[in-house]
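Contents: one structure, followed by commentary.
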Amino acid sequence: KDGVRLYIACEASDSLMVVDTTKDRCIAEVQVENLPHGVCLSPDEKYVFVSNRGTDSVSMIDTTSFAVLKRFSVGDEPHQLVTSADGTRLYVANAGSDDVSILDIKTASEIKRLSAARGAWGVARSPDHSQIYITNNLSHFVPFRAPSVSEVTVIDSHRDFIDSRYRIPEANLVQGI
């Protein structure tokens with residue numbers, strides 16, 4: 001929150017780089033698993049989570065010691081991720097399996113997997129913390145030469161159920177949110 005640290009997923013080195021922005025230098029390089037992609041902090045900033053596309057996992061790293069504390073198994077090709085507002089759950093968009101893994105952070109286990117549209121990619125929490133938004137990188141299947149139709153999947157974060165699905169006409173490659 002103070003802008004002093006920057007966390008960067010480095011796919012080529014299978015690592016998480018930690019940069020001190022006040023000193024303009026790398027203060028740690030943490031080995032994670034294969035092809036790290038998404039990065040998010042816990043609400044209290046004690047942990048950083050990294051999705052690993054190549055091993056279908058998420059690494060949980062202590063932000064003080066830079067030790068990998070846990071590894072979570074998730075769906076195929078995880079991309080972006082976000083915690084619940086209270087920091088007890090983690091939502092992970094799995095592009096290869098078109099779904100969202102919901103993880104219990106304390107037990108390092110998947111408690112639920114919800115269906116998303118094709119190529120689940122981006123993840124964000126609504127400002128009031130009641131919903132989790134998932135972008136989907138690939139269009140729904142449409143007839144030949146018909147315009148693409150993408151989707152944003154909306155999860156009710158209190159019940160961990162799909163609340164709604166917003167279709168985005170004439171859109172493809174919907175990624176960040």
Side-chain angles (χ1 to χ4, degrees), residues 1-85 87-114 116-125 132-138 150 152-153 155 172-177:
K1 293 177 186 171
D2 61 10
V4 172
R5 285 204 181 150
L6 182 64
Y7 297 92
I8 306 161
C10 301
E11 285 195 358
S13 61
D14 295 333
S15 65
L16 176 74
M17 300 292 281
V18 184
V19 174
D20 181 322
T21 60
T22 63
K23 297 177 182 167
D24 198 24
R25 67 180 182 91
C26 179
I27 58 172
E29 182 175 7
V30 182
Q31 287 304 126
V32 291
E33 293 188 332
N34 191 246
L35 299 174
H37 182 82
V39 178
C40 81
L41 284 166
S42 61
D44 61 8
E45 297 186 357
K46 291 182 180 180
Y47 309 106
V48 61
F49 300 92
V50 179
S51 65
N52 304 296
R53 292 186 314 115
T55 51
D56 303 335
S57 67
V58 171
S59 300
M60 178 178 170
I61 301 158
D62 182 286
T63 58
T64 303
S65 68
F66 305 118
V68 176
L69 302 175
K70 297 179 184 178
R71 286 194 172 85
F72 303 81
S73 291
V74 294
D76 185 36
E77 199 178 334
H79 279 75
Q80 294 179 10
L81 59 170
V82 72
T83 65
S84 58
T88 61
R89 291 181 318 282
L90 187 67
Y91 298 85
V92 183
N94 302 310
S97 50
D98 304 331
D99 53 31
V100 179
S101 292
I102 303 176
L103 307 171
D104 180 307
I105 293 172
K106 186 175 182 180
T107 64
S109 61
E110 185 177 69
I111 54 177
K112 189 178 276 192
R113 193 175 296 185
L114 300 175
R118 296 181 59 228
W121 196 280
V123 184
R125 187 175 351 110
I132 304 296
Y133 301 107
I134 310 295
T135 62
N136 296 279
N137 189 32
L138 302 173
S150 288
V152 173
T153 307
I155 299 171
N172 197 19
L173 297 174
V174 178
Q175 294 182 344
I177 187 167

>> Quick one: does any side-chain atom of His79 pair with a main-chain N or O of Glu77 as donor and acceptor, under 3.5 Å?
In response: yes
>> Please enumerate all residues that pass side chain to side chain contact (heavy atoms under 4.5 Å, CB included) together with Lys23, with sequence neighbours excluded.
In response: Asp20, Arg25
> Which atom names give the shortest non-hydrogen contact between Leu81 and Gly38, and what distance separates them?
Replying inline: CD2-C, 3.5 Å
> Where do Arg125 and Thr83 come nearest, in terms of heavy atoms and distance?
Replying inline: NE-O, 2.9 Å
> Do you know which two heavy atoms are closest between Pro78 and Val92, and how far apart they sit?
Replying inline: CB-CG1, 3.6 Å
> Atom CD1 of Ile61 and atom CG of Leu69: how far apart are they, to the nearest 0.5 Å?
Replying inline: 8.5 Å
>> Tell me every residue that passes side chain to side chain contact (heavy atoms under 4.5 Å, CB included) with Cys10, counting only those two or more places apart in sequence or in another chain.
In response: Ile8, Ser13, Ser15, Met17
> How would you list, by chain and number, every residue that makes a side chain to side chain donor-acceptor pair (under 3.5 Å) with Ser84, sequence neighbours excluded?
Replying inline: Asp86
> CG/Leu16 to CD/Gln31 distance, rounded to the nearest 0.5 angstrom?
Replying inline: 10.0 Å
>> The criterion is side chain to side chain donor-acceptor pair (under 3.5 Å); which residues satisfy it with Asp2, sequence neighbours excluded?
In response: none
> Taking atom CD1 of Ile134 and atom OH of Tyr91, what is their separation to the nearest 0.5 Å?
Replying inline: 9.5 Å
> Does Ile177 have any side chain to side chain contact (heavy atoms under 4.5 Å, CB included) partners at least two apart in sequence or in another chain, and if so, which?
Replying inline: Ala124, Tyr133, Thr135, Val152
>> Rounded to the nearest 0.5 Å, what separates atom CG in Asp44 from atom OG in Ser42?
In response: 4.0 Å
>> With salt bridge (Lys or Arg N to Asp or Glu O under 4.0 Å) as the rule and sequence neighbours excluded, what pairs involving residues 54-70 come up?
In response: none
> Does anything in residues 52-78 pair up under ring-ring contact (aromatic ring centres under 6.0 Å, His included), and if so which pairs, sequence neighbours excluded?
Replying inline: none
>> For Asn34, give me all partners under side chain to side chain contact (heavy atoms under 4.5 Å, CB included), at least two apart in sequence or on another chain.
In response: Asp14, Thr55
> Can you list the residues that meet the salt bridge (charged side-chain N to carboxylate O under 4.0 Å, His left out) rule with Glu11, with sequence neighbours excluded?
Replying inline: Arg53
>> Test of understanding: with side chain to side chain donor-acceptor pair (under 3.5 Å), list the residues that count as partners of Asp99, not counting sequence neighbours.
In response: Asn94, Ser97
> Residues two or more places apart in sequence or in another chain: which of them pass salt bridge (charged side-chain N to carboxylate O under 4.0 Å, His left out) with Arg5?
Replying inline: none
> Which residues satisfy the side chain to side chain donor-acceptor pair (under 3.5 Å) test with Thr153, sequence neighbours excluded?
Replying inline: Asn136, Glu151
> Does the side chain of Asp104 come under 3.5 Å of the side chain of Ser109 through a donor N or O and an acceptor N or O?
Replying inline: no
> Are the side chains of Val174 and Trp121 in touch, meaning some heavy atoms are under 4.5 Å apart?
Replying inline: no
> Can you tell me how far CD1 of Ile102 sits from CD1 of Ile132, rounded to the nearest 0.5 angstrom?
Replying inline: 8.5 Å
> How many angstroms lie between atom CG of Leu90 and atom OH of Tyr47, to the nearest 0.5 angstrom?
Replying inline: 13.5 Å
